Amino acid sequence: MRKKLVDTAPFIQEMIETATNLYRLGWDERNGGNISYLLQEDEVQQYLDIDVKRKVKIAFDASELAGRFFLVTGSGKYFKNIKDHPEINLGIIRITEEGNQYEILWGFENDGVATSELPTHLMNHIQRLKADEKHRVIMHCHATNLIAMTFTHSLNEKDITKTLWEMCTECIVVFPDGVGVIPWIVPGTNEIGEETAEKMKQVRLVLWPHHGIFGAGTTMDETFGLIETAEKAAQVYTTVCAQGGKRQTITDEQLRELAKAFNVVPREGVLFRESN
Ligand code: 2HA
Ligand code: ZN
């Protein structure tokens, strides 16, 4: 049977739409940001003959993901350009059996390769799949107000989680596990990947101080929504500070009521007077 055009695949369309939104929101200037999307083999095969175009080395042991397919943004590529040239700025890859290389099956035309943050993405996928078998998406962007907060706010992750929860009523419901924070580390390294993945055991949002945020989720929309909600809270924080600071807040008691009403368990140690 003739394959459908790869460009028409829903997973490519979702990726284009998300990258375009992230660019439009100003969170992925120049080559900032990267996304990886775990695909099912049968999803890929509807659009693609599995035909290896090139192989590229992976600098850590990714064998836990052997045989897995990912749609990934390209290294040095601009989110701004993804919608007009997906075949240059995106690629579909498969991790080899040995886990030390990936095979390019589609895209990355003109000798492109996967994002420089691929080690972090793959390490995060490994962790999140252990925490949630429905996990699919890792997303990194340079969300403006979240970055700004890493200059002005305590970097203690419980403090920053509490502040974000207090900024918008829905935050505790959207990210009850809160936000992880790692130390400042050079991007693109295995070290930053390992630190981020360690946090991803417990949380779906990890802040990189003075750089940006990583989010994880089961769908593109959910992951985008998670980052968008945290960034909105950070934007409110910026505005509250600019207006001279808080005069009242959502209290811990109210945060507990919210958690109860929406059936979520808030991260331990963030709210005052743990009830048990
Ligand atoms: O790909 O955002 O963290 C550019 C980056 C690196
Ligand atoms: Zn970045």
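Side-chain atoms are counted along with the backbone in the values below, which use heavy atoms only and exclude waters and symmetry mates. Counting starts at 1 for both ligands and their atoms, in listed order. Predicted, not measured: the structure shown is a model, and the values here were computed from it.
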Can you list, pair by pair, the side-chain donor-acceptor contacts under 3.5 Å of residues 6-17, counting residues two or more places apart and other chains?
unit_1	atom_1	unit_2	atom_2	d
Thr8	OG1	Leu5	O	2.6
Gln13	NE2	Asp7	O	2.6
Glu14	OE1	Tyr37	OH	3.3
Glu14	OE2	Tyr37	OH	3.3

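Closer than 2.8 Å to the Zn ion (ligand 2) sit the protein N, O or S atoms His140 NE2, His142 NE2, His211 NE2.
Between Lys53 and Glu103 there is no salt bridge, since no side-chain nitrogen of the basic residue lies less than 4.0 Å from a carboxylate oxygen of the acidic one. In this structure, Arg136 does not pair ionically with Glu222, as no charged nitrogen and carboxylate oxygen lie closer than 4.0 Å. Note on Asp252 versus Lys162: salt bridge recorded, some NZ/NE/NH1/NH2 to OD/OE distance being below 4.0 Å.
Contact of the Trp165 side chain with the Leu271 side chain is registered, since non-hydrogen atoms from C-beta on lie closer than 4.5 Å.
Residues satisfying the side chain to side chain donor-acceptor pair (under 3.5 Å) criterion with His135, sequence neighbours excluded, are His125.
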Using a 3.5 Å cut-off on N/O to N/O, what pairs does ligand 1 make with the protein? A line per pair would be great.
unit_1	atom_1	unit_2	atom_2	d
ligand 1	1 (O)	Asn31	O	3.2
ligand 1	1 (O)	Asn34	ND2	3.1
ligand 1	2 (O)	Gly33	N	2.9
ligand 1	2 (O)	His140	NE2	3.3
ligand 1	2 (O)	His142	NE2	3.0
ligand 1	3 (O)	Glu117	OE2	2.6
ligand 1	3 (O)	His140	NE2	3.3
ligand 1	3 (O)	His211	NE2	3.0

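Side chain of Asn89 to backbone of Gly74: no donor-acceptor contact under 3.5 angstrom is found.
Screening Val44, Leu39, Val52 for a side-chain contact (heavy atoms from CB on, under 4.5 Å) involving Arg94 leaves a single residue, Val52.
Side-chain polar atoms of Asn145 and Thr238 form a donor-acceptor pair below 3.5 angstrom.
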